[in-house]
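Note on naming: letters A, B, ... go to the chains in the order of the sequence lines (proteins, then strands), and numbering restarts at 1 for each one.
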Amino acid sequence: MTPSNPVIKVIPKLREGASKHAIRLTEKTIEKTLKASSFLTELANFFLFFSRTITETFSRDFEFKEFLRQCFQIGNKSLPLISVTGIIMGLVLTIQSRPALAHFGAVSMLPGMVAISLIREMGPVITALICAGKIGSGMGAELGSMRVTEQIDAMEVSSTNPVKFLIVTRVLAATLMIPLLVLYADGLGLLGGWAGTNIKGDVTFVLFFSQAFSQIQFIDFLPAIIKTFFFGAVIGLVGCYKGYTAGRGTESVGIAANSAVVLASLLVIIVDLIAVQITDLL
Amino acid sequence: MNVAQIPTILPAKTHNDKQVIEINNLRKGFYQQEVLKNVSLQLFNGENLVVLGKSGSGKSVLIKCIIRLLEPDEGTINVLGEDVSALKRDGLGELRKKIGFLFQSGALYDSMTVRQNLEFPLKRIKKDLTQKEIDGKVKEALEHVGLSDALNKMPSQLSGGMRKRISLARTIVVDPMIILYDEPTTGLDPVTSDEISSLINEVQKTYKTSSLIITHDIECARATANRVIMLHEGEVYQEGTLEEFEQSKDVLIKSFFK
């Protein structure tokens, strides 16, 4: 073999190419490992936060006044948004469903169908998603800015447990208020449904509601309400976690609010999926 | 209030006085960066100790380690005879009741009025007080900082200097034995800075507190210091009285005291 052999000339280049490829592969592996490790760290931190919240919930000196204030903030201040959403939800559902039912000559089933759709699925999920946006982002931004402006540190040095004062009260208030908001949205949704029915028909209020409730059974109502407590807990926990663990810069407040909404909305959908599977088994 | 009206500062303490804070070989780092490298210092009873240093020299980290808002990596911190690192949550809570902390940003609670801001620590630290006694203490603290009429205002309605003074009122309202000041005059105009320095001296005299003042404001140091420690790159660079610092030939110290 002579040095002029073209194969020999190519070998160093191949070696160089292989080593570059190996370096790139190693870098990518390190990058992926770091990403996986930071995801697992975040998950572990969330569960630690969750367990601390549970522990503090059942410890002495419950901050009842702050809990009531949060109930007011979450419940009362969400009423206008939930009212508009609830009415439109019922109205749209009725208007969209009417042609399909009319095709089968089943317009009389409209109140029952609207009621079941609203109470079992649309009311809880849409209300929870709206609350994830409003309440989740509010908690993320408020606690995030409290972290940035050292207000949480100030609480700690005032011998006050910030988890008990800020987190437990907010999570409990969200867990309690969101089911009430869902019930309220369901009621207004039915009202919107009645209004929608009357756009192309003439159904009395009493007839609409008696037909709607004649189709609803206990099994429709109870699981739907139970899952809303979980929606509330998830929204409260995620909003508080993202805000409480926000970084030190003002940019982190926006990140906390944004990621709280995204994660809370995603978890609401996942909890709903699990709830539907469990209800299906009943 | 101008500089001439600033109450005279108490004389420097001697090492015979009782130590209220003793820090030995403190180290604290974040990731790969070591912020505090082997820092040791003492705060004596009734003195104002000023810790001077450039931004990033580890002053705020030091003060946060003292009250365990940050966990030190190495070294011991003794506050009022208690090893801070060894304390459990209840013990730490009890110790924190005796320490006031004035935050750089004021850290007033945005969602509460001035009155509620002052009542918040008071109701939690002095649980046996009646509402009448609480009202009296709030009024007294606000009178002390000259802001009695701000009682029902929200923090957003206050100027930077007023926020700092309300924050100081919130710190003194619980009668702490030690006050830690984190950059008390940063971001304030010279007149307001002098007012805050004056208040720090008044608080020391009235409440007989021991204070550790973190600052890079030389005028604040001149107005308040009984003793000075300079931190540089995470280490104690120089310790002494204000006069010793003023007369120092060291380039770094001179750059502060020019």
Side-chain angles (χ1 to χ4, degrees), chain A residues 34 37-38 41 48 51-52 55-56 59-74 77 138-167 169-170 173 240 243-250 252-253, chain B residues 30 60-61 63-71 79 84 87 89-112 116-127 155-156 160 163 166-168 170-174 176 178-183:
Chain A
L34 285 174
S37 119
S38 90
T41 310
L48 281 174
S51 69
R52 194 174 165 199
T55 314
E56 297 293 354
S59 63
R60 64 200 154 91
D61 295 335
F62 181 66
E63 299 279 357
F64 192 69
K65 248 175 121 175
E66 178 63 12
F67 167 69
L68 288 182
R69 197 178 79 84
Q70 289 304 324
C71 285
F72 179 78
Q73 291 283 341
I74 293 170
K77 295 203 169 172
M139 285 179 183
E142 187 186 10
L143 295 180
S145 64
M146 285 184 81
R147 172 66 72 196
V148 170
T149 55
E150 299 177 307
Q151 290 176 50
I152 294 178
D153 288 344
M155 242 171 228
E156 279 202 50
V157 300
S158 300
S159 236
T160 302
N161 184 341
V163 173
K164 189 177 280 185
F165 186 81
L166 298 171
I167 311 301
T169 51
R170 279 166 173 76
C240 288
Y244 194 76
T245 56
R248 290 279 169 183
T250 45
S252 57
V253 177
Chain B
F30 298 95
S60 292
V61 173
I63 207 170
K64 283 181 179 168
C65 283
I66 292 172
I67 202 151
R68 224 172 94 186
L69 285 173
L70 292 172
E71 295 284 347
V79 179
V84 176
L87 289 172
R89 190 183 293 174
D90 287 348
L92 185 63
E94 285 305 311
L95 181 66
R96 281 173 171 170
K97 288 177 182 175
K98 299 169 192 163
I99 307 171
F101 196 113
L102 184 78
F103 286 87
Q104 189 173 347
S105 59
L108 294 176
Y109 307 124
D110 289 334
S111 58
M112 300 182 194
Q116 289 166 334
N117 261 284
L118 267 70
E119 283 181 352
F120 187 86
L122 205 50
K123 282 181 176 173
R124 282 162 175 79
I125 292 174
K126 298 187 179 286
K127 290 181 180 172
S156 56
R163 288 172 76 100
I166 297 294
S167 188
L168 183 56
R170 187 179 67 181
T171 308
I172 60 176
V173 79
V174 291
I178 302 169
I179 302 183
L180 308 175
Y181 296 89
D182 188 5
E183 306 273 12

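Contacts of A/Phe64 classified as side chain to side chain contact (heavy atoms under 4.5 Å, CB included), with partners at least two apart in sequence or in another chain: A/Phe62, A/Phe67, A/Leu68.
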Note each donor-acceptor pair with a separation under 3.5 Å, taking one atom from chain A and one from chain B.
unit_1: A/Glu56; atom_1: OE2; unit_2: B/Arg89; atom_2: NH1; d: 2.7
unit_1: A/Glu63; atom_1: OE1; unit_2: B/Arg124; atom_2: NH2; d: 2.8
unit_1: A/Glu63; atom_1: OE2; unit_2: B/Arg124; atom_2: NH2; d: 3.3
unit_1: A/Thr149; atom_1: O; unit_2: B/Ser105; atom_2: OG; d: 3.1
unit_1: A/Glu150; atom_1: OE1; unit_2: B/Ser105; atom_2: OG; d: 3.0
unit_1: A/Glu150; atom_1: OE2; unit_2: B/Lys64; atom_2: NZ; d: 3.0
unit_1: A/Gln151; atom_1: OE1; unit_2: B/Asp110; atom_2: N; d: 3.2
unit_1: A/Gln151; atom_1: NE2; unit_2: B/Asp110; atom_2: OD2; d: 3.0
unit_1: A/Met155; atom_1: N; unit_2: B/Tyr109; atom_2: OH; d: 3.3
unit_1: A/Glu156; atom_1: O; unit_2: B/Arg96; atom_2: NH1; d: 3.4
unit_1: A/Ser159; atom_1: OG; unit_2: B/Gly93; atom_2: O; d: 2.5

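Residue B/Leu92: no heavy atom, backbone or side chain, is found under 4.5 Å from chain A.
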